[in-house]
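Chain letters run A, B, ... following the sequence lines, proteins first, then strands; residues in each count from 1.
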There are 2 protein chains.
Amino acid sequence: MNITEQEFRSFEERKRARFINSLSGFKSANLVGTKSKSGQTNLCIISSAFHLGANPALMGFVIRPDVTSRHTLDYMRETGFCSLNHVHEEIFERAHQTSARYEQNISEFSACNLEEEYINDFYSPFVKEAHIKIGLQLQREVTINENGTHLLICGIKSVSLPEKCLMEDGYIDIEKAGTVSVSALDTYHKTKKLARLSYAKVNKKVQKIEK
Amino acid sequence: MNITEQEFRSFEERKRARFINSLSGFKSANLVGTKSKSGQTNLCIISSAFHLGANPALMGFVIRPDVTSRHTLDYMRETGFCSLNHVHEEIFERAHQTSARYEQNISEFSACNLEEEYINDFYSPFVKEAHIKIGLQLQREVTINENGTHLLICGIKSVSLPEKCLMEDGYIDIEKAGTVSVSALDTYHKTKKLARLSYAKVNKKVQKIEK
C-alpha cells in the first residue's frame, strides 16, 4: 500500500508520531547521563544517536526540548559533558521508564532503579548496570529550526566495555554485550547476527567473514 | 576495560574506524536511490538515517563526500529527491555490495542486481525488492565542518509498505517486514522483539503491550 504525505498528515497526532517514528528503521537505544553544576543528576533514554565520524571521533544525537529531555540539554550546556550508555536486555524496561516526566529535583537514576557510576575523573555519571559506556563532550549544537529540536555534536572521550566484546581488529560485538535496538517509540528488540561481510569491491562478490 | 581518547586515537586507521563505528549502538540499514537530471541512477547504502520529527515529518542522514556516496549527494542537490528503502534479510548482501567504488556511469541498481521501481510520479527510483520504501525531499543541508560530512534534512513525502505491517495505531512492524539492523561497518543482524512497552508515567510501572 502507498500512503501519501497528505494522508499521513491527517492521521491523529499519536498515530502519526508512531508511524513516522517507524520509518528510519531500527534505532540505537542509549541512556544519556548528566549532572548539573549544582550536582543534580539526570538520565534520559534516546533513540537518535548516530555515528558522525571516526577521525575525529564524533557522535550526534537529537534532543527535543520537551519536559523529559529538557534537563539533559540544560546540564550539557552547563557542564559540556554527558555519558552515553547502551541499553541491554536486562535494563530495557527501567531504561524506558526514564522517559516519564519526572520533576527536575528527581533523579531518574534513583527513580528508575539504575545506579550512578563515576569512571576516572569524568564529570557525568555513567549507568553502572550498562555494559558499554561512552564519555562524551559537547562540541557544537545545531538548532533544527524546522521543528525546534537540537542536534548535539559530541566528541568521544572514553569507552568502557567488557574485554570479551572487543575484537582484535577493533570491531565491538555489541550483540554479545546484549545491546538492544528500538523500533518506533516503544518497541525493543534483541538481535541475531546474520553475517559480517567483507569490504565491498567492484567485480568481487562480498564474502562472509567468520570472526 | 576502559579505553581513553588518547588510546583509540593511536589505533591503526581501519581499526579505529571499526571501533568508533560500533559505539552508537545498532543502526538502521537503508538504500538511498537517486537519479541525476540526465537520467543516471545511483544506489548507496547508509546506516546513519535517524528520526528528526513527526510534525513536520522529517528524517536526517549523513553523507560522506567520498567516491561511493558522492554521486548520491550530487544527484540530491541536482534534483532535490531521493528514495529510502529498508534493507531486509534477503537483500542485505546485494545492499552491502553497493558500497563498492563503482564509476559514475555504472548504476549500482544493475551492478548489484537490484531493480529500479518508479512509484506514482516520484522522481527518484525505489528498490523494487524492498518492502518499506520512503520518498524523501531534500529540505536543507547542514555541513559538519568538523569532518567535512553533510547532514541532509529531508521531508517525508510518501511511504510504501506491506499492509500487514501497519498496525491500526500507526506502529509499523518493521521486524515483520524483515528489516535488518547494522553494527559497526559491516555486520548485519535480524531482530527478535523483546516487548512493546506502554507510555512511561511517573509512579506507574511500564507494562508490556500485547500488539
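- Residue-environment remark: CG (N105(B)) exceeds the threshold of 12 foreign heavy atoms within 6.0 Å.
- Looking only at heavy-atom pairs under 4.5 Å with chain B, the residue among K190(A), K133(A), K208(A) that has the most is K190(A).
- Per-residue heavy-atom pair counts under 4.5 Å with chain A were compared for A195(B), S181(B), G25(B), A49(B), and the maximum is reached by A195(B).
- Of the listed residues (E7(A), E103(A), E175(A)), the greatest number of heavy-atom pairs within a distance under 4.5 Å of chain B belongs to E175(A).
- There is no side-chain donor-acceptor pair under 3.5 Å between S99(B) and Y199(A).
- Aromatic ring centres of F26(B) and F26(A): separated by at least 6.0 Å.
- Annotation: maximal heavy-atom pairing with chain B below 4.5 Å, among S48(A), A184(A), A17(A), S183(A), occurs at S183(A).
- Side-chain atoms of N30(B) come within 3.5 Å of backbone N or O of S24(A) as a donor-acceptor pair.
- Looking at every heavy atom in both residues, V206(B) comes nearest to Q97(A) through CG1-OE1, 3.2 Å.
- Within the 3.5 Å criterion, the main-chain N or O of I172(A) finds a donor-acceptor partner in the side chain of S22(B).
- Both the backbone and the side chain of F92(A) have a heavy atom closer than 4.5 Å to some heavy atom of chain B.
- Between T143(B) and R140(A), the closest heavy-atom pair is O-NH2, 3.8 Å.
- For the options A57(B), S47(B), G60(B), heavy-atom pairs under 4.5 Å to chain A are most numerous at A57(B).
- Residue with the most contacts toward chain B among E12(A), R9(A), K157(A): K157(A) (heavy-atom pairs, distance under 4.5 Å).
- If you measure heavy-atom distances from V182(B) to chain A, you find no contacts under 4.5 Å at all.
- Your options are R94(A), R18(A), Q139(A), M59(A), and the one with the most heavy-atom pairs under 4.5 Å with chain B is R18(A).
- Both the backbone and the side chain of N21(A) have a heavy atom closer than 4.5 Å to some heavy atom of chain B.
- Atom CG of N120(A) sits about 9.0 Å away from atom OG1 of T4(B), to the nearest 0.5 Å.
- For chain A, the nearby parts of T179(B) are the backbone and the side chain; heavy atoms of each come within less than 4.5 Å.
- Rounding to the nearest 0.5 Å places OG of S158(B) at 13.0 Å from CD of Q6(A).
- At a 4.5 Å heavy-atom cutoff, the contact between I153(A) and chain B is made by side-chain atoms alone.
- For a residue to count as touching a neighbouring chain, one of its non-hydrogen atoms must lie under 4.5 Å from one of that chain's; by this rule K201(B) touches chain A with the backbone only.
- Heavy atoms of L161(B) lying under 4.5 Å from chain A belong to its backbone as well as its side chain.
- Checked by atom type and distance alone, the side chain of E93(B) never pairs as donor or acceptor with a backbone atom of L197(A) at under 3.5 Å.
- Between chain A and the residues I119(B), L58(B), I144(B), I132(B), the most heavy-atom pairs under 4.5 angstrom are made by I144(B).
- Of all heavy-atom pairs between N2(A) and S160(B), the closest is OD1-OG, 2.6 Å.
- Electrostatic pairing of D169(A) and K15(B) does not count as a salt bridge here, judged by no charged N lying under 4.0 Å from a carboxylate O.
- With a 4.5 Å cut-off on non-hydrogen atoms, S198(A) touches chain B through its backbone but not through its side chain.
- Chosen from E13(A), E163(A), E146(A), the residue pairing most often with chain B at heavy-atom distances under 4.5 Å is E146(A).
- Looking at V202(B), both its backbone and its side chain come within 4.5 Å of chain A, counting heavy atoms on both sides.
- Each of I156(B), N147(B), L84(B), I134(B) has some count of heavy-atom pairs under 4.5 Å with chain A, and the biggest count is that of I156(B).
- With L52(B) as reference, T149(A) is the one residue of I20(A), L151(A), T149(A) to meet the side-chain contact (heavy atoms from CB on, under 4.5 Å) rule.
- Within the 3.5 Å criterion, the main-chain N or O of L23(A) finds a donor-acceptor partner in the side chain of H86(B).
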